[in-house]
Structure formats: structure tokens, C-alpha cells
Q: 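Structure incoming, see below.
It should be emphasised that the depicted structure is a prediction, and the values quoted were computed from it without experimental measurement.
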Amino acid sequence: MLRVVVLVSGGGTNLQAIIDGVQAGTIRNTQIVSVISNNPGAYALERAQKAGIPGFCISPKTFENREAFNKAFLAKLDELQPDLIVLAGFLVVLPREMTEAYSGRIINIHPSLIPSFCGKGFYGLKVHEAALARGVKVTGATVHFVDEGTDTGPIILQKAVYVEPGDTPEVLQRRVMEQAEWVILPKAIDMIANHEL
Ligand code: GRF
């Protein structure tokens, strides 16, 4: 069984896709051991609770400084002994100690076709606003390994999604989630758990 810890900050629809995949058996040989949020109000924590998965909040705001937060965060992860850490809409930049300690064992979902619309400042709706502003006809999502950079690690899976006339950032975000993110993130976990990468 692949022990997975999912890190979240918000609504958790990607987390839900993983939970559903594990329950349906489309993500094989995988156990979600815990969900960690930096945001106490994240609806993702409720999704975890409903699925019977232990959820924790570790917020940088409750620590004296970043160093103390990083230390507590890493200690919590070490305690959980994950084989794989999944960033599913996690908005905190990971400390270097973490990307080094878990090198090759952290993956992220990004809502564009990397290397377009990625890197510092490209998160959430901003990604889709930039895609629409540039007038691209195709966008999509990417699952990649996480290294010390922002969206720079090796690419695992990508899926393209068409931009439609009249799209708003919100409409495009939803389509990218439905057609790409919720498909390729569960698939990447299944591939890793079953040594198919
Ligand atoms: C997704 O668009 C993901 O690609 C991005 O943040 C969003 C998270 O959504 N990194 P959710 O919390 O999984 O609903």
C-alpha cells in the first residue's frame, strides 16, 4: 500500500477526486493516511473528515516565525511516514528541507500546460486569467514532481482542454478541473502506487 499524505489549502475538489478514486478502486494499492491544511477553514478538511481520514491544520500564522513553522511541518510529515506527498491546491511554498528530504516523492497539480502560465504568481484563477489574456485556444493541467523551484520539476502527466468562446476565468477553471485535473491527478497516483511510471 502506498501511504499518501495530501496537502490542501482550499475547497479540496482534487482531494475529493483522490478519495473517490481510492474508494472506487481506480487508484489501486493506495491509502490516504492524512490530509494537512495550512488553512483552518479549508473545506477540504471537512471532506477528509467525511471520508474518515485524519485531518490536521498547521498554519504558519500560529508560529513565531517561518523557521518554527517549517520545523513543525516537517516533523508532522515525518511522523506520518508518507511514501508520497500530494499537493492538491496547496498554496504554501514548501521549505527546501522538505523538497530535499522527500525528493522524488512529492507531486503537484498545476492548472495549465507547463511551461505555459506557471512559476511564481501563477496560482488559482490567475493562471486562467493569463491564459485568456494571451488568447490561447488550448490549455490544460499538469502533474509534476516537486523540486526546489516553482513548477519546475519533471512532468508526469498532462491533459489538454479547449478554451471556448466567451469563457471567463471561472468557467475555464471549472472545465480544466473537470476535464483534466480530476482525471490526471488520480491517474498519476495510481501509476506511482503500481510502479507504472
Ligand atoms: C486547482 O485548480 C489546482 O490546480 C490549483 O488549485 C486548485 C485547487 O482546487 N493548484 P481544489 O482545492 O482541489 O478544489
Side-chain angles (χ1 to χ4, degrees), residues 1-40 42-110 143-157 181-182 184-197:
M1 280 285 184
L2 188 83
R3 291 173 61 81
V4 173
V5 171
V6 185
L7 307 188
V8 295
S9 298
T13 60
N14 279 287
L15 167 67
Q16 192 65 55
I18 301 167
I19 292 171
D20 293 348
V22 169
Q23 285 176 354
T26 49
I27 305 177
R28 299 158 295 159
N29 302 312
T30 297
Q31 184 194 359
I32 308 170
V33 291
S34 182
V35 172
I36 301 178
S37 172
N38 64 305
N39 164 14
Y43 184 65
L45 285 174
E46 274 187 47
R47 294 183 190 270
Q49 196 185 12
K50 280 186 190 143
I53 300 164
F56 302 95
C57 174
I58 305 184
S59 166
K61 289 181 190 150
T62 61
F63 291 87
E64 214 167 283
N65 52 41
R66 203 65 184 192
E67 211 172 297
F69 164 72
N70 288 347
K71 212 170 153 200
F73 190 17
L74 194 56
K76 183 73 206 172
L77 273 177
D78 288 346
E79 182 193 310
L80 294 166
Q81 298 194 315
D83 300 313
L84 183 70
I85 297 165
V86 178
L87 311 189
F90 189 59
L91 296 177
V92 176
V93 175
L94 296 189
R96 182 178 275 269
E97 304 93 285
M98 195 177 285
T99 54
E100 278 173 4
Y102 288 93
S103 173
R105 289 183 288 160
I106 310 176
I107 65 173
N108 180 48
I109 178 82
H110 182 77
V143 182
H144 64 91
F145 284 110
V146 173
D147 61 13
E148 64 287 352
T150 306
D151 302 328
T152 51
I155 290 170
I156 300 169
L157 289 174
E181 297 182 40
W182 303 342
I184 62 175
L185 186 56
K187 181 154 177 58
I189 296 168
D190 178 64
M191 287 168 71
I192 291 168
N194 294 285
H195 313 287
E196 291 170 3
L197 206 62

Q: Closest approach of Val6 and Ala88, non-hydrogen atoms and distance?
A: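 Where Val6 meets Ala88 most closely, the heavy atoms are CG1-CB, 3.8 Å.
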
Q: Looking only at the side chains, is there a donor atom on one of Ser9 and Asn39 sitting less than 3.5 Å from an acceptor on the other?
A: no

Q: What distance separates Ser103 OG from Glu148 CD, expressed to the nearest 0.5 Å?
A: 8.5 Å

Q: Below 4.5 Å, heavy atoms only, C-beta onward: do Ile189 and Val143 meet side chain to side chain?
A: no

Q: Do you know the tightest heavy-atom contact between Ala42 and Ser37?
A: CB-OG, 3.4 Å

Q: Counting only heavy atoms from other residues, nucleotides and ligands, does the tally under 6.0 Å from CD of Gln49 exceed 12?
A: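 It does not: Gln49 CD has 12 such atoms or fewer within range.
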
Q: When you measure from the side chain of Ser34 to the backbone of Pro54, do you find a donor-acceptor pair of N or O atoms at a distance under 3.5 Å?
A: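 Side chain of Ser34 to backbone of Pro54: a pair is present.
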
Q: So do the side chains of Trp182 and Asn14 get within less than 4.5 Å of each other, counting heavy atoms only?
A: yes

Q: Enter the distance from Ile109:CD1 to Ile18:CD1 here, rounded to the nearest 0.5 Å.
A: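 So the gap between those two atoms works out to 9.0 Å.
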
Q: For Pro186 and Glu181, work out which heavy atoms get closest and say how close.
A: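 For Pro186 versus Glu181, the nearest heavy atoms are CD-O, 3.8 Å.
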
Q: Say you draw a straight line from CD1 of Ile107 to CG of Leu185; how long is it, rounded to the nearest 0.5 Å?
A: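 Ile107 CD1 to Leu185 CG: 5.5 Å, rounded to 0.5 Å.
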
Q: Could you walk me through whether Thr99 and Asp147 pass the side chain to side chain contact (heavy atoms under 4.5 Å, CB included) test, one step at a time?
A: CA-CA 6 Å; Thr99 54; Asp147 61 13; 5.9 Å; no

Q: Please check this pair: side chain of Arg3 against backbone of Leu80, looking for a donor-acceptor N/O pair closer than 3.5 Å.
A: yes

Q: Any heavy-atom pair between the side chains of Asp151 and His144 that's under 4.5 Å?
A: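 Side chain of His144 against side chain of Asp151, heavy atoms only: contact under 4.5 Å found.
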
Q: For the CD1 atom of Ile184 and the CE atom of Met191, what is their distance to the nearest 0.5 Å?
A: 11.0 Å

Q: Is it true that, when you exclude Glu196 itself, more than 12 heavy atoms of the residues, nucleotides or ligands shown sit nearer than 6.0 Å to its CD?
A: yes

Q: With a 4.5 Å cut-off on side-chain heavy atoms, are Val22 and Ile27 touching?
A: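 Yes - at least one pair of side-chain heavy atoms lies under 4.5 Å apart.
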
Q: Check whether any side-chain N or O of Asn65 sits under 3.5 Å from a backbone N or O of Glu67 as a donor-acceptor pair, and report yes or no.
A: yes

Q: Do Ile85 and Leu94 come within less than 4.5 Å of each other through their side chains, counting heavy atoms only?
A: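 Ile85 vs Leu94: side chains apart.
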
Q: Please name the pair of heavy atoms, one in Leu15 and one in Ala44, separated by the smallest distance, quoted to 0.1 Å.
A: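 Here Leu15 and Ala44 meet closest at CD2-O, 3.4 Å.
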
Q: Would the number of heavy atoms belonging to other residues, nucleotides or ligands and lying under 6.0 Å from CZ of Arg96 be above 12?
A: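 Not buried by this count: 12 neighbours or fewer within 6.0 Å.
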
Q: As an exercise, state the distance from CG of Leu77 to CZ of Arg105, rounded to the nearest 0.5 Å.
A: 10.0 Å

Q: Do Phe73 and Ile36 come close enough that some side-chain heavy atom pair is under 4.5 Å?
A: yes

Q: Could you give me the CA-CA distance, side-chain angles and deciding distance for Phe63 and Ile58, then say whether side chain to side chain contact (heavy atoms under 4.5 Å, CB included) is met?
A: CA-CA 9 Å; Phe63 291 87; Ile58 305 184; 3.7 Å; yes

Q: To check you understand the geometry: which heavy-atom pair defines the closest contact between Tyr43 and Gly11, and what is its length?
A: CD2-O, 3.6 Å

Q: Do Leu197 and Phe145 have side chains that get closer than 4.5 Å, going by heavy atoms?
A: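 In short, these two side chains touch, coming nearer than 4.5 Å.
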
Q: Do the side chains of Arg28 and Asp190 get close enough for a salt bridge, i.e. N-O under 4.0 angstrom?
A: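 Salt bridge: yes.
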
Q: Are Arg47 and Val8 close enough that some pair of their side-chain heavy atoms sits under 4.5 Å apart?
A: no

Q: Testing the basics here: between Thr30 and Met1, what is the closest heavy-atom pair and its distance to 0.1 Å?
A: N-SD, 3.4 Å

Q: Please round to the nearest 0.5 Å and tell me the distance separating atom OH of Tyr102 and atom CG of Leu84.
A: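 These two atoms lie 11.5 Å from each other.
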
